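Residue numbers begin at 1 in each chain, while the letters A, B, ... track the order of the sequences. Just so it is clear, the model here is predicted, and its values are computed rather than measured.
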Amino acid sequence: MKDISIVIAGEAGQGVQTVEEILVGVLKISGYHICATKEYESRVRGGSNSTQIRVSDHQITAFVDRIDLLIPFNVDAYNHSKNRLSSSSKLITDPANEIDITELEKSQIIEVKLQEIAKEIGNPIYANTIIAGIIIGLFSADKEAAGKLLDSKFNKKGESVVNSNIEAFNSGFAIGEKITGSGDFKHDLTPDKNVKNDILVNGAQAVGLGAIAGGCNFISAYPMSPSTAVLQFLATNSNDFEIIIDQAEDEIAALNKTVAAWYAGARALASTSGGGFALMTEALSLAGIMESPAVLHIAQRPGPATGLPTRTAQEDLNLVLYAGHGEFQRIIFAPGTTEQAFYLTQKAFNIADQYQIPVFVLTDQDFVDRYNNIPELDITEIKIEKHYVKTEADYQRFKLTDNGLSPRGIPGYGTGLVRVDSDEHDEQGHITEDMDYIRPEMVKKRFHKRFELIEKIAELPTWYGPKSPKLAIICWGSTLPAIQEAVDNSNREDIAIIHFHQLYPLPANIKEFIEKNNPEKMISIEANASGQLANLLKVYADISIPKESLHLRYSGKPFSVEDITEIIEQEAK
Amino acid sequence: MKDISIVIAGEAGQGVQTVEEILVGVLKISGYHICATKEYESRVRGGSNSTQIRVSDHQITAFVDRIDLLIPFNVDAYNHSKNRLSSSSKLITDPANEIDITELEKSQIIEVKLQEIAKEIGNPIYANTIIAGIIIGLFSADKEAAGKLLDSKFNKKGESVVNSNIEAFNSGFAIGEKITGSGDFKHDLTPDKNVKNDILVNGAQAVGLGAIAGGCNFISAYPMSPSTAVLQFLATNSNDFEIIIDQAEDEIAALNKTVAAWYAGARALASTSGGGFALMTEALSLAGIMESPAVLHIAQRPGPATGLPTRTAQEDLNLVLYAGHGEFQRIIFAPGTTEQAFYLTQKAFNIADQYQIPVFVLTDQDFVDRYNNIPELDITEIKIEKHYVKTEADYQRFKLTDNGLSPRGIPGYGTGLVRVDSDEHDEQGHITEDMDYIRPEMVKKRFHKRFELIEKIAELPTWYGPKSPKLAIICWGSTLPAIQEAVDNSNREDIAIIHFHQLYPLPANIKEFIEKNNPEKMISIEANASGQLANLLKVYADISIPKESLHLRYSGKPFSVEDITEIIEQEAK
Amino acid sequence: MTNFTANDFDMPHSKTWCPGCGHFMVHKILREVIAEMEMAPDKIVFVSGIGQAAKLPQYIKGHMFNGLHGRSLPAAMAIKASNPQLEVIVNSGDGCLYGEGGNHFLAQIERNSDITVFAHNNMIYGLTKGQGSPTSPKGLVTPVQIDGVTNEPFNPLTVAIAMGATFVARVFPGNSEQTKKVFKKAIEHKGFALVDIFVQCVSMNKTNTFKWYKENTYELEGDHNQGDKIAAFTKALENDPYPTGIFFQENQKATFEENCAAYKNGDQPLYERNLDMKKLKKLIESRRA
Amino acid sequence: MTNFTANDFDMPHSKTWCPGCGHFMVHKILREVIAEMEMAPDKIVFVSGIGQAAKLPQYIKGHMFNGLHGRSLPAAMAIKASNPQLEVIVNSGDGCLYGEGGNHFLAQIERNSDITVFAHNNMIYGLTKGQGSPTSPKGLVTPVQIDGVTNEPFNPLTVAIAMGATFVARVFPGNSEQTKKVFKKAIEHKGFALVDIFVQCVSMNKTNTFKWYKENTYELEGDHNQGDKIAAFTKALENDPYPTGIFFQENQKATFEENCAAYKNGDQPLYERNLDMKKLKKLIESRRA
Ligand SMILES: Cc1ncc(C[n+]2csc(CCOP(=O)(O)OP(=O)(O)O)c2C)c(N)n1
Ligand SMILES: Cc1ncc(C[n+]2csc(CCOP(=O)(O)OP(=O)(O)O)c2C)c(N)n1
Ligand code: SF4
Ligand code: SF4
Ligand SMILES: [Mg+2]
Ligand SMILES: [Mg+2]
């Protein structure tokens, strides 16, 4: 199993993203597995951003600290990344950057006069395309595909721009091939034909596609990093899929609109980050009392407050779990892979509709921005399950039924009146002060009976690895790939991973499930300061992870494979 | 130990409250201990409301179901209360009400032509004062005090109104004395001289007085039942205590203003109910990252959403505990008595200032509206501790210090600049993206180090009753009085109460403390559907209360003494 | 089919308003108007927030979305956008719409969402027992504003006109004839229609009584040009006395729904539509390239 | 003592704005103005929300309260109310002030809180990379408004005038002389002062460029009557081109702070005051009667 980690670093707006797009597209078409991870500051120009593109002969979906090849756009970019270099790293740099390199041997440095070549072609901006060309050349990847991609990318800007880019690419490609040829850069990856036809998605797109596959036709959202990508994905596809796009005046409006849209028969998504969701707390409670479906995508970032807007964290599980005054049920998913993000988001719409509760898809910046190739998003089995009923004249929205679900009508479908209320209400939806019967029954329905129903369909965590392991690593959401890869790398047969893609409710047999698999020791790896999953397991699964077994990170950086390896070495000696 | 439970019931706006005010005042001055509990609908006129006034020869602070004397203002009021009557209850009613009474014997009914007498005096409205007179007459209470009270209450409306009220009162008083004299109504309460000089406060006033005693000089709040009373109390006293009163445009503004007011040197209070607090979630997180003091009073009511706006519940502990995205510390108090409400609110201001975190005072409708007499609110020991520092030119607001507290400067005091930020920031308060050092250090300060500090000052729950009890009842906040009285009534020496007036953090020795006292069995009594305190104890104290030992009520009604007695009988056979 | 009377639009439940409360008058006139307009209960969604005014939908036959305090407008907007075939009518109070809900008031006007907003303006927070509202007159003494309100009263009309609202009116139900006419025109109006309604709160506002409103209002002159924004603004500034009637109306502006791509080919409600699986397939396939 | 220069008000940190961003111009002019006004850094609190504009306080010497997105105005109001001796200046963006913060914009105008608001109006959400803002022109294509903005643009001036704001102005920093004058008057103004500032976002808004603003603005005529609300409104409606200057000013209205009982006897900040224990004792005693 081999892979090359390439890091391109530069200022915001300098073109790191352009290089990434070209690379990722062309390398995939050329049969390489790829995984791209971005990290960027909260600004539009300047600063130091970087993208890591891992190129491999097998599927990889995680971030590594290690840099095999670094291409910095300037001195700052070099300094920003240099502590990740090792004696086996290579550096491609323009001597014009005048970087003072003390960390590397001469032999590790490959100089290319990027600026000079770019200027010759007509504009310093072409340096980006040259870099893309070099890297693609290093892998002798599909030149033709690159041409096509450049064409589609730049043809809006006119033929001459396309041609110059192709020229830039070609000169880069030639340089790349020469570097490989000279032995300055080695790799022994064999392209995999099957990859050519793979799908390339990042977490945000997977959520967006899942939403569309779930029948989403309404989104009201207020821009907020790192969730905005989902809003923009749906907007981009709004004409094709007849999706109402409302850039809300604020997050409060966004969730009130979401709830009201479901009321009127839409399948609506709210998408935001922790701070925006904090503002939705009251409206979540509205969904609770109205027994309204709602799907919420929350892309976490480090807090409190504005915190680190473009960085990653898993700090908002508690908030999502307990947001809203009063008591009502909810379901929380936390996908670990893009495939899971797609299927769980799709499912979220159906079960929100069926159980008339809010369903959360909890991601984070690391997850939404991370790209990789996957073979398929299979939609043949996918169904849009519409769970509302046609009403009769005597319809009662909040009818007390045996199973605890009141059939949900929508206005205009059937002859009944659909009356919903944020006050406590009787079966008709009329405001009530009956505390002897109606109130307790309604609470039972919303809280206890609903719990029984959703507990039944709760999904067990995924158990990766052996039974009776010496060490079981508990984790949730976005950290799965790094943990998987580190465990794989460890070559140890006695380590298991318990990944929770559903956080609430937990299935009734969760404790049994884990005990049956009999781990000797359990640790929890989480990107927060308090061990939120560990606490959740304590309350809802009677599983106790001692404080010293919590591996918590709250720096804003994602866990790398190396970080996890270190934890494993420490915990499983 | 004796007491009489008097219930006055009528429509909103019919004068139940007037009767209550007169009674409570006069009976206390006459040396009777009193406790008054209101229950009312969410409307301004009409419906069925009632007030219970318990009159006793010892301090009582709880609500009982039992009615010894019922005075309904109309048929609906009678029907509203009749299921609380027993064969020893008495009823005073105007035959003009034409109530069809099947629940009581003739001998239990005392007829008084209230309307007729009132009309003779000049206005049907005087019926209220007549009723007050009757009851005060029943107890041969202080007539003079009543005159004074009526005078101060009505003198704004002119002399003739005062005189008519006194006339009404006197005729009622005569009737009351006659009733007692005739033996139709018996009581053998002996007035207690000491009570005369007691203080009469309800929960809201206790919180309001505590706030003033804590140096509160700024409140920004949006009206919301049942919290509005605190805002109005502070407004009423704003001239005397130079308190800035801002009726905020919404709750979001209210907490942002609270945080900014503390920043500028004020001692600010936010007061709201669950739904309003839900909207403050984001701003709470702002206090978190800004390391800002804040005091929040949250008067709970049943949710979700608008729920039952004028009823009671303990449903928002989880919300208060986990509100806010990102991770930071907070302190949560939940007073069980009016004295506690006063002292804890006072203390909240000092420790918020000292530890630079939000401090909550969690009450509920039952608590804020319940009145009783107490001997003293001792302010001789009370200090306003101002914990801000005078700044020097090189001042850094977020200095990393050993103890984890950055001295708090305020703008204008000293020569330093006070720079605070909702983004992650360096010691100066300047926005940062340093994830290697600053970010983890700031999180440690806000979360881990702060926890160590506030854990040290955390208060143990109060243990009432014997060591090694057969049954220990765990509870928090407003339910204490009913539980205490029921345990007293049980005459059992083997039942203890563990009342948590501080919910978070718990002191480090909490488990030890409870285990040392060695209860055979523990149950939790809570006014919610999920056992929120029980869950909290599981996570933070490793104390597990099994599901079947949770006694949960979520009807919107407060626990009565009888409710608790029933639980005790069931649990401690 | 749609032969309903005002009484048919009444709900059997007893009203929890105080006797003499102005909300009764709106309740009555609104029922008369929709009956006369031959609307049917199952074609209308009555939306509100929380407050005494906001209880109105509880007492009128139709679909009901009685949402959160301050949040009636986003709800109404979303309902209309999800099913443009429904008539969406909002009834809520001055506190709800202009206080807690201020930002939504602005934003839904910007959208020109095709909803009708009846703002019961009693210049007080009724349900919470008499605190000042954004429209309370200066000097009004309340349990919070103990020395009298000092804020500049919010003028919903000038603000709506400034925002480019397409229908802006004020009525006093004591003038029931004009009120009915304006209600009708507001409901008929395509786009965001605001009707600010002067109602008395008999229990909590002893200043702005029915009598006071009567004495302090007059009908806008017949020659008032409803198409002239500056004239409308000028009239809306008047407060001694207050004019009533339609201040401004503009009919050409597209509504939010009309601007939605989803409704380019007709106003079929969203719930009747189905996901085009072929398009989804294609979208996924596009990511293989 | 207060002999500071514009440079003294600069902070050493590097600015994270894009080269050519309009926020630089405001940053420069504002520093010049406060230096010329002989203000001292430790007497001013710079308040902002979140956004590119809202970063300004990070780069200017003074006290700083860089709060939440949309919430600069409540913070500013509370700071001024807690210590009226501080000068309180808000710098934030169009999205922050008129979008997320719309309700606070209305409410702080109602209070006539004595704060100065510099609204950096680049007609776009800059920091979140180019979504439409409330002030975006119709038709502007963005990653969310893929077929162009359809909302009616928010006009901060007409709304502020409609709300009874006591100082309402617009400037284009390309006209630096006028901008400086207006900034000064705004800071000197007692009461809520709004200055809407036309700034370019070079990265995210390719329509409303510096050039565009230059070509689409003109100075308000010298004979414009700043005391005339209707004239101000009429001028504020103009948008082809947009007038710049002071549209409206009114000096008699009391500020929020002046209306506070706590400041009846002077503007001593709250932090210097102490609880009167005797009064508290008395208050408690009053509950014995
Ligand atoms: C978030 C929130 N804040 C506060 C309240 C309490 N509340 C209920 S109604 C109301 C005011 C009602 O005033 P208005 O809208 O003018 O209606 P009115 O009762 O006067 O008709 C308030 C503040 C609430 N329900 N929700
Ligand atoms: C509650 C919340 N919602 C959304 C965001 C994300 N956000 C940050 S800045 C911004 C928009 C900034 O636009 P503007 O105020 O116009 O400032 P500009 O960047 O254009 O100067 C948004 C939506 C946030 N930080 N908080
Ligand atoms: S309090 Fe006022 S608004 Fe409420 S019902 Fe009574 S009169 Fe109407
Ligand atoms: S994105 Fe626009 S607003 Fe932000 S710094 Fe760049 S030019 Fe300025
Ligand atoms: Mg009102
Ligand atoms: Mg902007």
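Looking at A:Asp421, the atoms closer than 4.5 Å to chain C (heavy atoms on both sides) sit in the backbone and in the side chain alike. Both the backbone and the side chain of A:Tyr413 come within less than 4.5 Å of a heavy atom of chain C. For chain A, no part of C:Lys43 is nearby; none of its heavy atoms comes within less than 4.5 Å. Looking at A:Ile289, neither its backbone nor its side chain comes within 4.5 Å of chain C, counting heavy atoms on both sides. Both the backbone and the side chain of A:Ile431 come within contact range of chain C, each with at least one heavy atom under 4.5 Å from a heavy atom of that chain. With a threshold of 4.5 angstrom between heavy atoms, C:Leu86 approaches chain A through side-chain atoms but not through N, CA, C or O. For chain A, no part of C:Ile44 is nearby; none of its heavy atoms comes within less than 4.5 Å. Interface remark: A:Lys28 contributes side-chain atoms only to the contact with chain C (heavy atom separation under 4.5 Å). Both the backbone and the side chain of C:Met277 have a heavy atom closer than 4.5 Å to some heavy atom of chain A. Proximity to chain A involves both the backbone and the side chain of C:Pro41, based on heavy atoms less than 4.5 angstrom apart. At a 4.5 Å heavy-atom cutoff, C:Lys80 makes no contact with chain A through either its backbone or its side chain. At a 4.5 Å heavy-atom cutoff, the contact between A:Asn237 and chain C is made by side-chain atoms alone. At a 4.5 Å heavy-atom cutoff, the contact between C:Glu272 and chain A is made by backbone atoms alone. Heavy-atom distances place both the backbone and the side chain of C:Asp42 under 4.5 Å from chain A. In this structure, the portions of C:Arg273 lying under 4.5 Å from any heavy atom of chain A include both its backbone and its side chain. Of the atoms belonging to C:Phe256, it is side-chain heavy atoms, and not backbone ones, that fall under 4.5 Å from chain A. If you measure heavy-atom distances from A:Glu433 to chain C, you find no contacts under 4.5 Å at all.
Aromatic ring pairs are classed by plane angle as parallel below 30°, tilted from 30° to 60° and perpendicular above 60°; the pair C:Phe167 and C:His189 is tilted.
For the pairing with C:Glu258, the salt bridge (Lys or Arg N to Asp or Glu O under 4.0 Å) check across C:Lys190, C:Lys264, C:Lys253 returns one residue only, C:Lys190. Tested against C:Lys55 for a side-chain contact (heavy atoms from CB on, under 4.5 Å), the candidates C:Leu127, C:Asn91, C:Ile50 yield a single pass: C:Leu127.
Of all the heavy atoms in C:Phe154 and C:Thr135, the pair that sits closest is O-CG2, 3.5 Å.
In A:Lys153, the NZ atom is crowded: over 12 heavy atoms of neighbouring residues, nucleotides or ligands sit closer than 6.0 Å. Counted within 6.0 Å of CD on A:Glu385, heavy atoms from surrounding residues, nucleotides or ligands total more than 12; the atom is thus considered enclosed.
In this structure a side-chain-to-backbone donor-acceptor pair under 3.5 Å is present from A:Asn217 to A:Arg267. With hydrogens and angles disregarded, a donor-acceptor distance shorter than 3.5 Å links the side chain of A:Ser422 to the backbone of C:Gly67. Proximity of a side-chain donor or acceptor of C:Tyr125 to a complementary backbone N or O of C:Met204 within less than 3.5 Å is not detected. At distances below 3.5 Å, at least one donor-acceptor pair connects side-chain atoms of C:His27 with backbone N or O atoms of C:Tyr59.
With chain A as the partner, the residue from C:Met77, C:Glu285, C:Lys281 showing the most heavy-atom pairs under 4.5 Å is C:Met77. Here A:Ala264 is the residue among A:Ala264, A:Cys216, A:Gly416 with the most heavy-atom pairs under 4.5 Å with chain C. Note on A:Ile384, A:Thr258, A:Ile252, A:Val201: by heavy-atom pairs under 4.5 Å with chain C, the leading option is A:Ile252. Note: C:Gln108 leads C:Gln108, C:His69, C:Glu257 in heavy-atom pairs under 4.5 Å with chain A. Listed options A:Leu149, A:Asp423, A:Ile379 were ranked by heavy-atom pairs under 4.5 angstrom with chain C; first place goes to A:Ile379. Interface check for chain C: of the options A:Ala254, A:Ala213, A:Ser238, the most heavy-atom pairs under 4.5 Å are formed by A:Ala213. Chosen from A:Asn239, A:Thr391, A:Ile199, the residue pairing most often with chain C at heavy-atom distances under 4.5 Å is A:Ile199. Ranked by non-hydrogen atom pairs under 4.5 Å with chain A, the options C:Ala261, C:Gly62, C:Gly49, C:Gly101 are led by C:Gly62. The candidate from A:Ser285, A:Gly265, A:Ala268, A:Gly409 with the greatest count of non-hydrogen atom pairs under 4.5 Å with chain C is A:Gly265. With chain A as partner, the option from C:Lys61, C:Lys282, C:His63, C:Met11 having the largest number of non-hydrogen pairs under 4.5 angstrom is C:His63.
Taking CG of C:Leu270 as the start and CD1 of A:Ile410 as the end, the distance is 9.5 Å to the nearest 0.5 Å. Going from atom CZ of C:Phe192 over to atom CZ of C:Arg111 covers 11.0 Å, rounded to the nearest 0.5 Å. The structure places CD of C:Glu100 at 15.5 Å from CZ of C:Phe105, a figure rounded to the nearest 0.5 Å.
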ask   = A:Glu282 and A:His325: side-chain hydrogen bond (donor to acceptor under 3.5 Å, both in side chains), yes or no, with the steps?
value = CA-CA 7 Å; A:Glu282 193 202 14; A:His325 54 299; 5.3 Å; no
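A:Ser220 and A:Asp246 share a side-chain donor-acceptor pair at under 3.5 Å.
Look at A:Glu242 and C:Lys279 and you find no salt bridge, because none of the NZ, NE, NH1 or NH2 atoms lies under 4.0 Å from a carboxylate O.
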